[in-house]
Amino acid sequence: MAYRVEKSDGEWREQLGEEQFAVLREASTERPWTGELLDEERAGVYACAACGAELFKSGTKFDSGCGWPSFYESVRPEAVELIEDTSLGMVRTEVRCAACGSHLGHVFPDGFGTPTGDRYCMNSIALDFTPES
């Protein structure tokens, strides 16, 4: 798929640094309960840490108890790309930024008590947060 923002691996590595590159460009996962945005409660917008595209609004964030920031829907359906992921011997749905193709996390149909029933389980390191002014 062609993305609006495209860069070489070298350009991404230089921009992101080692840890962010591993998550965003190589689909790694940060350890649970370690992300800076897990306990963020201010109103604002969460954007892709690679390209700045808006992905989630704070009003859709909820405490799922999973150890990563969780949201029940993206800012717009077309803001994220959903891809079947069978990498760990099970079927999951990977979530990527639709603007640059960066890996953000996975979405699961176990967002019990949310309006959508979904749990977008995102890596903090894959997101930038901008509080409302």
Side-chain angles (χ1 to χ4, degrees):
M1 176 173 179
Y3 295 102
R4 186 171 46 85
V5 178
E6 292 197 20
K7 297 181 182 186
S8 69
D9 279 351
E11 290 171 313
W12 284 124
R13 279 185 195 281
E14 188 175 314
Q15 175 189 328
L16 299 172
E18 187 177 325
E19 286 184 73
Q20 278 190 315
F21 183 84
V23 171
L24 288 159
R25 305 308 301 172
E26 298 178 320
S28 184
T29 302
E30 67 188 356
R31 289 188 350 262
W33 310 107
T34 62
E36 290 183 21
L37 298 176
L38 179 61
D39 297 320
E40 179 60 64
E41 295 181 1
R42 294 175 291 173
V45 175
Y46 294 83
C48 175
C51 73
E54 288 189 359
L55 300 169
F56 301 97
K57 292 190 181 214
S58 59
T60 65
K61 188 173 189 263
F62 68 102
D63 182 3
S64 69
C66 71
W68 292 275
S70 297
F71 304 85
Y72 61 78
E73 70 183 353
S74 60
V75 69
R76 292 175 315 285
E78 65 273 11
V80 295
E81 177 182 22
L82 305 179
I83 299 170
E84 183 177 286
D85 175 6
T86 58
S87 64
L88 295 179
M90 64 180 111
V91 178
R92 300 182 295 168
T93 303
E94 179 185 5
V95 180
R96 292 186 188 174
C97 173
C100 70
S102 289
H103 172 79
L104 304 169
H106 290 84
V107 63
F108 303 95
D110 61 4
F112 306 115
T114 68
T116 64
D118 291 330
R119 174 176 56 97
Y120 284 81
C121 184
M122 303 292 98
N123 290 285
S124 283
I125 201 167
L127 302 172
D128 282 333
F129 176 72
T130 303
E132 285 182 4
S133 21

*Is it the case that one hydrophobic cluster holds both V5 and V75, taking links as side-chain heavy atoms less than 4.5 Å apart, direct or via other members?*
no
*Are the side chains of P69 and K61 in touch, meaning some heavy atoms are under 4.5 Å apart?*
yes
_Distance (rounded to the nearest 0.5 Å) between R92 CZ and I83 CD1_ = 12.5 Å
*Cluster link Y72 to V80, ILVMFWY, side chain under 4.5 Å*: no
*Quick one: which of V95, L104, L24, V23 gives a side-chain contact (heavy atoms from CB on, under 4.5 Å) with N123?*
V23
*So with a 6.0 Å cut-off around CD of E41, is the heavy-atom count from everything else above 12?*
no
*For E54 and A79, work out which heavy atoms get closest and say how close.*
O-CB, 3.7 Å
*Taking side chain as C-beta onward, heavy atoms only, is C66 less than 4.5 Å from F108?*
no
*With rounding to the nearest 0.5 Å, note down the distance linking CD in E73 to NZ in K57.*
10.0 Å
*Return the set of residues passing side-chain hydrogen bond (donor to acceptor under 3.5 Å, both in side chains) with E14 (not counting sequence neighbours), or none when no residue passes.*
none
*side chain to side chain contact (heavy atoms under 4.5 Å, CB included) partners for A22, two or more places apart*: E26, S28
*Only one of M122, R31, E30 forms a side-chain contact (heavy atoms from CB on, under 4.5 Å) with W68, so which one is it?*
E30
*With a cutoff of under 4.5 Å between side-chain heavy atoms, which Ile, Leu, Val, Met, Phe, Trp and Tyr residues group with W33?*
L38
*Contacts of type side-chain hydrogen bond (donor to acceptor under 3.5 Å, both in side chains), residue D110, not counting sequence neighbours*: R119
*Go through the structure and list residues passing salt bridge (Lys or Arg N to Asp or Glu O under 4.0 Å) with E94, not counting sequence neighbours.*
R96
*Within 6.0 Å of CD in E36, more than 12 heavy atoms from elsewhere*: no
*What's the spacing between D118 CG and L82 CG if we round to 0.5 Å?*
9.0 Å
*asked:* Considering only residues two or more places apart or on different chains, which pairs with a residue in residues 113-133 satisfy ring-ring contact (aromatic ring centres under 6.0 Å, His included)?
replied: Y46-F129, F56-Y120
*Any donor-acceptor pair under 3.5 Å linking the side chain of Q20 with the backbone of I125?*
yes
*Is Y3 linked to L16 within one hydrophobic cluster, defined over Ile, Leu, Val, Met, Phe, Trp and Tyr using a side-chain heavy-atom separation of less than 4.5 Å?*
no
*Do E84 and V91 have side-chain heavy atoms sitting under 4.5 Å apart?*
yes
*After noting the C-alpha distance and the side-chain angles of C48 and C100, does the key distance pass the side-chain contact (heavy atoms from CB on, under 4.5 Å) rule?*
CA-CA 9 Å; C48 175; C100 70; 3.7 Å; yes
*ILVMFWY network linking L37 to V45, side-chain heavy atoms under 4.5 angstrom*: no
*State, with a plain yes or no, whether a side-chain heavy atom of C97 is found less than 4.5 Å away from one of C51.*
yes
*Considering all heavy atoms of both residues, which atom of A47 and which atom of G52 are nearest to each other, and what is their separation?*
CB-O, 3.6 Å
*Using a 4.5 Å cut-off on heavy atoms from C-beta on, say whether the side chain of T114 contacts that of F71.*
no
*Report the distance from atom OG1 of T93 to atom CD of E81, rounding to the nearest 0.5 Å.*
12.0 Å
